[in-house]
Amino acid sequence: MATETFEFQVEARQLLQLMIHSVYSNKDVFLRELVSNASDALDKLRLAKLRDDTLDADVSDPHIEIEVDRDARTLTVRDNGIGMSYDEVGRLIGTIANSGTAQFLKELKEAEDEAGAEGLIGQFGVGFYSGFMVADEMTLLTRRAGESHGTRWSSRGEGTYTLERVDDAPQGTAVTLHLKPADPDNQLHDYTSEWKIREIVKRYSDFITWPIKLVQPKGDDAPEPETLNSMKALWARSRDEVSDDEYHELYKHISHDWRDPLETIRLQAEGTFEYQALLFVPSHAPHDLFTQNHRRGLQLYVKRVFIMDDCEELLPSYLRFVKGVVDAQDLSLNVSREILQQDRHIRAMRSRLTKKVLSTVKEMRTKDAERYATFWREFGAVVKEGLVTDAENRDAILAVASFASTHGEEEQTTLAAYVERMKDGQEDIYYLTGESRQAVENSPHMEAFRAKGIEVLLLTDPVDEVWVDAVGEFQGKRLRSVAKGEIDLDGEDEQSTDAEKEKQAETYAGLLGWMKEQLAEDVKEVRLSSRLTVSPACVVSDAGDLTPALENMYRAMGQEVPRAKRILELNPGHALVQGLNRAYQEAGEDRSALTETAELLHTLAVLAEGGQPKDPARFVKLVAERLERAL
Ligand code: ADP
């Protein structure tokens, strides 16, 4: 039948180049990847047959075979699983659908050296293509279960591949590698060597639940195929029987991450509803953690049989980065997502798993501060979503949460530590939200707090805007934004007296009232500030209003929210404000010249907190005029 030639998609081509000029030193992992794909294919076939028993497929003896031919220097990994149709081969093998790949390639271009590139490959994993680390040609022969025709795919990894329909392919997939000459100095071993294959399978794939058999090329004296893996489910074995490395390999199989996990969590539940869980916290956040199509890597098994991937019923969304296996003894083999959603045992399981993950992180925090710091850096922004969505575990989440603060440059603080450091008379826990630590620290809202040495939490994740309101208080102390409502720090540090304040209020009453009229479109009030020491003015939100960042967030989600007018605060200790007040009092009835100054003062306050002028061109014009006059 006709052979057609196709070009690899650009991203795929770039990846292939990398594999061919392999920068990844541990080339043995290619076999782990092919076996992992074969195992997935057997899982998929079993499920397909379970859902539709009219499917014309052979499920009598599911297994994986590895066959080497020393003379031809080929190695074949064969499974009798689900297989692929002609279209699927083109789609799945010819292109790279993984959403992280574009990002991966971008970073790869930026990675200057080989070590950087190797780290990146490890971070993403490249599955099937890793075969090109050890082979200069790969062919794949496959037939989708239930279909009569098969497909042959073949490529030398150099930009094109061929596809051909074939009549007589066995069900499942066989991947044949035409091996490069062995080059042990570059970690390219002789993969036709039986002991090498045995070693790799034992090391990386022992737990695979299907038999992996080593078969000899057909011949008269070919011995019985030997099964290389123990197939023992790691989660069902006792802790001291299993090495960390074995756990890590299971993690890699499930997650498609090539790096070790940060933490392994085991849980055995006995009793009326029995289950075992083996969970992993990755060491790095995936690139698509905040996108809709993020795949969760939590697999559900029933009595050692794989049931589904991405089982989102088992953990709440704010723990969606956790990978692993949950094996329940008492569920039906054809349990569906709909059933899971309603099952009270599943709900109880989810609750227990959630608590277990949180308590593990809490323990990590006390026992291994560095590992905890990695955890929080990678996943803190996701975990904080739970403060909004999971009221039941709020305290447990707060107990593992930490925050940047003006208390220290590098180290983060807990809320409990913050409360311990609170000054005498300080009632509230202060925070400020914003886009970056630098923007927040330099915000005018911070001035009085800095001057008085009052600690402020610096919150820079988008979710911070939301959870602070949802949580409200901690240990009886209110969480208060330094950019919201009236802030009066004098109660905490007697300096200016009431009499002084009253006098100030009198002096400025006229100016404040007039400015409010002039700026009525943008602000709802103009008042004197007790938060400023350096800047002339700042804008703040009313205690009950949404902050501008939150308004933008709702808009981005497509919700209509009215723009809340804000409050302009002036610093009576600043020469510009004092001068403006004098000019206001001396101007008599015609104050048109002062209007522009009032407008500029407001725009400066907006700029200082990182906002945009309403009319940038007009702002530039007004400032330029004034600069010119000053020359
Ligand atoms: P990944 O396994 O990370 O998705 P791969 O490049 O290894 O990426 O494989 C791409 C896709 O090709 C797989 O997701 C699967 O759908 C399909 N595939 C690969 N190997 C097999 C196989 N042995 N049997 C059936 N499908 C396979």
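Numbers here are sequence positions counted from 1. Whatever order the structure lists them in is the order used to number ligands and atoms, beginning at 1.
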### Query
Aromatic rings Tyr129 and Phe8: how do their planes relate, parallel, tilted or perpendicular, breaks at 30° and 60°?
perpendicular
### Task
Could you tell me how the ring of Trp153 sits relative to the ring of Phe128: parallel (under 30°), tilted (30 to 60°) or perpendicular (over 60°)?
perpendicular
### Query
Just distances here: any N/O of Ala41 and N/O of ligand 1 closer than 3.5 Å?
no
### Task
Give me the one residue out of Leu45, Thr173, Leu42 that meets side-chain contact (heavy atoms from CB on, under 4.5 Å) with Asn80.
Leu42
### Summary
Here the atoms of ligand 1 under 4.0 Å from any heavy atom belonging to Gly127 are 7 (O)
### Message
Is the contact between Val175 and ligand 1 made by the side chain, the backbone, both, or neither, using heavy atoms and a 4.0 Å cut-off?
### Response
neither
#### Entry: Residue part near ligand 1, for Asp79, under 4.0 Å between non-hydrogen atoms
side chain
### Message
Only heavy atoms of Leu92, strictly under 4.0 Å: list the atoms of ligand 1 that pass.
### Response
10 (C), 11 (C), 12 (O), 16 (O), 17 (C)
### Message
Please compare Arg91, Met84, Arg144 and report which has the shortest non-hydrogen distance to atom 26 (N) of ligand 1.
### Response
Met84
### Summary
Honestly, for Glu33 the part within reach of ligand 1 (heavy atoms, under 4.0 Å) is neither
### Task
State whether the shortest distance between N or O atoms of Tyr129 and N or O atoms of ligand 1 falls below 3.5 angstrom.
no
### Message
Less than 6.0 angstrom from the centroid, inside 45 degrees of the normal: does Arg377 satisfy that with respect to the ring of Tyr372?
### Response
no
### Task
Return the option from Leu140, Val89, Asn37 holding the heavy atom at the smallest distance from atom 20 (N) of ligand 1.
Asn37
### Query
What atoms of ligand 1 come closer than 4.0 angstrom to any heavy atom of Ile93?
12 (O)
### Task
Look at Glu226 together with Arg198 and state whether they make a salt bridge at an N to O cut-off of under 4.0 Å.
yes
#### Entry: Atoms of ligand 1, numbered as shown, that sit under 4.0 Å from any heavy atom of Lys44
16 (O)
### Message
I need the full list of salt bridge (Lys or Arg N to Asp or Glu O under 4.0 Å) pairs touching residues 52-71, with sequence neighbours left out, sorted by first then second residue.
### Response
Glu65-Arg78, Glu67-Arg78
## Note on the structure
Note: Glu88, heavy atoms under 4.0 Å from ligand 1, region reported as neither
#### Entry: Arg32 to Trp258, cation-pi by 6.0 Å centre distance and 45° axis angle
yes
### Query
Has the side chain of Glu246 got a donor or acceptor atom that lies under 3.5 Å from a matching backbone atom of Ser243?
yes
